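As structure tokens, the structure follows; a few thoughts come after it.
Being a predicted model, the structure only gives us computed values, none of them experimental.
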Amino acid sequence: MEETPEALLTLDDDALLEKVARQTFRFLREGAEPNSFLARDRTGIISDPPNDLVAVGGSGFGLMALVVAVERGWITRAEALARLGRMLAVLEGAERHHGAFPHFLHGKSGKTIAFGPNDDGGDLVETSFLMMGLITARQYFSVEKNLAARINALWESVEWDWYTRAVPGKVYGGFPSGTATKQSGENVLYWHWSPHAGWAMNHQIRGWNECLITYVLAAGASEPHAIGRDVYEQGFCAGAGYKNGNIYYGVRLPLGPALGGPLFFAHYSFLGLDPRNLRDAHADYWRQNLAHVAINRAHCMANPKGFKGYGAASWGLTASDDPDGYDAHAPAHDNGTISPTAALASLPYAPDASLTALRHFLKTHGRRVWGRFGFIDAFNETRDWWAQTFLAIDQAPIVVMIENYRSGLLWKLFMSAPEVRRGLARLGFEGFVA
């Protein structure tokens with residue numbers, strides 16, 4: 001039953017979070033692509049699109065939300081396993097590119113749907129989001145040995161090393177002993193590879209951004225497809241926008257672009273990676289994410305461009321739909337669009353501020369922002385614009401991060417996986433249980 005904004009506002013904080021998370025999960029259950037049960041990229045506030053396009057990364061996030069649904073009793077374990085079995089069947093038969101899945105695929109056939117002219121092959125970042133969800137589900141349903149074997153087969157098939165532009169059959173040394181495999185590629189991961197255009201996208205994965213999880217999983221892979229620490233240090237950590245150290249609104253930001261960038265940097269990788277006490281030579285990741293969220297909110301409070309509605313209770317800039325299409329909104333790239341997922345998925349980092357925003361959205365905007373699958377994707381009061389959509393990569397993190405705030409469940413599950421512990425250790429991380 002859909003709760004009204006008025007009814008939600010009468011609840012205490014814990015009951016409110018339960019209701020919001022449960023309503024938002026409906027995107028992954030009722031709004032899923034019906035043949036595969038994988039997550040649609042987006043759907044409408046009234047009806048679902050007629051196509052069978054599904055988002056690979058959003059489906060990975062959705063798998064984590066599925067675990068929450070079972071744990072909270074929103075669906076039965078039997079239903080969840082049946083849904084997971086259907087998802088795996090489609091993924092097993094889906095078109096892959098050196099083990100990596102595309103950004104979008106058909107839920108009926110598993111065939112690739114091109115994201116762009118040269119982006120019709122493997123998308124390593126979206127694949128890492130999917131694998132994060134699959135590993136989390138495997139850890140939760142650990143007694144289901146057949147399911148674990150099927151997930152392991154998908155995991156083992158990803159040729160992470162290929163995405164360093166490795167040359168088949170050629171290896172060379174140079175990696176510190178024990179860090180991972182030897183390979184012939186460059187010391188950086190590439191985001192895309194196309195069966196017809198090869199490396200034409202030429203998009204190196206360099207940080208700071210949402211892609212830490214990609215390097216951790218690539219380092220945690222089994223031989224011969226794992227990467228070495230050199231790929232992390234000389235690739236991800238060598239990007240022009242990686243190091244920061246400047247102070248914004250009185251907060252020092254260790255990593256990332258000026259003013260922190262969009263908030264999904266603090267969400268996507270950390271749906272599974274537990275940032276509490278996680279650190280390496282470059283940053284303490286709990287402090288990094290606390291700073292990022294604080295700066296994002298402080299910018300909305302300062303509101304240097306004078307956008308309508310911004311303030312201490314209305315904040316949150318990240319990638320979402322907006323009046324002109326879709327964009328990665330951030331303090332340095334701000335057009336007045338607030339995305340509810342930005343504040344709500346920041347709950348572990350700023351619980352009081354996130355809960356204040358949650359109640360403000362419901363009280364001030366009511367039915368304009370709340371619907372069948374929870375909060376709409378975004379709104380822009382200056383331009384009197386209200387999204388008519390819900391997006392997988394924005395809805396699912398709300399469910400996951402609410403649960404991580406309440407119980408730490410997804411963090412505990414993902415960090416318990418041997419692949420994850422191996423990858424973190426290989427890259428020189430500390431503060432986790434190895």
CZ/R287: more than 12 non-hydrogen atoms of other groups inside 6.0 Å: no
Side-chain heavy-atom pair V70, T76 within 4.5 angstrom cut-off: no
May I ask you to decide if T341's main-chain N or O and S339's side chain share a donor-acceptor pair within less than 3.5 Å? no
Taking only residues two or more places apart in sequence, or in another chain, which ones meet T382 in a side chain to side chain contact (heavy atoms under 4.5 Å, CB included)? F307, K308, N380
Testing S346, P397, P331 one by one against L263 for a side chain to side chain contact (heavy atoms under 4.5 Å, CB included), which residue passes? S346
Looking at I227, is its backbone amide N or carbonyl O close enough to the side chain of D161 to form a donor-acceptor pair, meaning the two atoms are under 3.5 Å apart? no
Any side-chain heavy-atom pair of D321 and T337 under 4.5 Å: no
E419 bridged to R138 by N-O distance under 4.0 Å: yes
Just by modelled atom types, is the L410 backbone N or O under 3.5 Å from a matching donor or acceptor in the N404 side chain? yes
Test your reading of the model: is there a side-chain donor-acceptor pair from S416 to the backbone of L413, 3.5 Å cut-off? yes
Could you check, using the six-membered ring where one of them is a Trp, whether H365 and H360 have ring centers closer than 6.0 angstrom? yes
Whether F375 and W370 hold their rings parallel, tilted or perpendicular, with breakpoints at 30° and 60°: perpendicular
S194 side chain near M201 side chain, heavy-atom distance below 4.5 Å: no
If only side-chain N and O atoms count, and only distance matters, is there a donor-acceptor pair under 3.5 Å linking D119 with H103? no
When you compare the side chain of R77 with that of E144, does any pair of heavy atoms fall below 4.5 Å? yes
Tell me the closest heavy-atom pair linking D120 and A114, and the distance in Å. CB-CB, 3.8 Å
Pairing of R372 and E30 as salt bridge, 4.0 angstrom limit: no
With distance as the sole test, does R96 use its side chain to make a donor-acceptor pair with the main-chain N or O of E92 at under 3.5 Å? yes
So is R165 actually on top of Y190's ring, under 6.0 Å and inside 45° of the axis? yes
Among Y163, W162, W160, find the one that has a ring-ring contact (aromatic ring centres under 6.0 Å, His included) with W193. W162
List the residues meeting side chain to side chain contact (heavy atoms under 4.5 Å, CB included) with N209, not counting sequence neighbours, and say none if there are none. C211, F236, F265
With the side chain counted from C-beta on, respond yes when R359 and L16 share a heavy-atom pair under 4.5 Å apart, and no when they do not. yes
Donor-acceptor pair, side chain of K305 and main chain of D334, under 3.5 angstrom: yes
Go through it in stages, so that I can follow the logic: the residues are R406 and E18, the test is salt bridge (Lys or Arg N to Asp or Glu O under 4.0 Å), and I'd like the CA-CA distance, side-chain angles, deciding distance and then a yes or no. CA-CA 10 Å; R406 296 175 78 189; E18 174 79 10; 2.7 Å; yes
Under 6.0 Å between ring centres, would you say that holds for H282 and Y242? yes
Between F373 and F25, is the ring-ring contact (aromatic ring centres under 6.0 Å, His included) condition met? List the steps. CA-CA 7 Å; F373 297 147; F25 174 70; over 10 Å; no
Roughly how far, to the nearest 0.5 Å, is CG of L63 from CG of L271? 12.0 Å
Heavy-atom distance under 4.5 Å between the side chains of C300 and L317, does that happen here? yes
Closer than 3.5 angstrom, by distance alone: can the side chain of D327 be matched with the main-chain N or O of S320 as a donor-acceptor pair? no
Identify the heavy atoms of H196 and N118 that sit nearest to each other, and give their distance. NE2-OD1, 3.9 Å
With under 30° as parallel and over 60° as perpendicular, where do the rings of H192 and H203 fit, or are they tilted in between? tilted
Step through it carefully: locate the ring centre of Y405, locate the ring centre of Y349, and say whether they are under 6.0 Å apart. no
State whether the number of non-hydrogen atoms from other residues, nucleotides or ligands found under 6.0 Å of K19 atom NZ is greater than 12. no
Beyond-backbone contact of R72 with R22, side-chain heavy atoms, under 4.5 angstrom: no
So, E126 side chain and G57 main chain: donor-acceptor pair closer than 3.5 Å or not? yes
Using side-chain heavy atoms (C-beta onward) and a distance below 4.5 Å, is P323 in contact with W386? no
What pairs of donor and acceptor atoms, side-chain ones from residues 80-88 against any protein atom, are under 3.5 angstrom apart with sequence neighbours left out?
unit_1 : atom_1 : unit_2 : atom_2 : d
R83    : NH2    : L28    : O      : 3.4
R83    : NH2    : R29    : O      : 3.2
R86    : NH1    : P34    : O      : 3.3
R86    : NH1    : N35    : O      : 2.8

Roughly how far, to the nearest 0.5 Å, is CZ of R276 from CE of M415? 9.5 Å
Please work out which of the three classes, parallel, tilted or perpendicular, describes the rings of Y268 and F129, given edges at 30° and 60°. perpendicular
Closest heavy-atom pair, Y215 versus I205, reported as atoms and distance to 0.1 Å, is OH-O, 2.7 Å
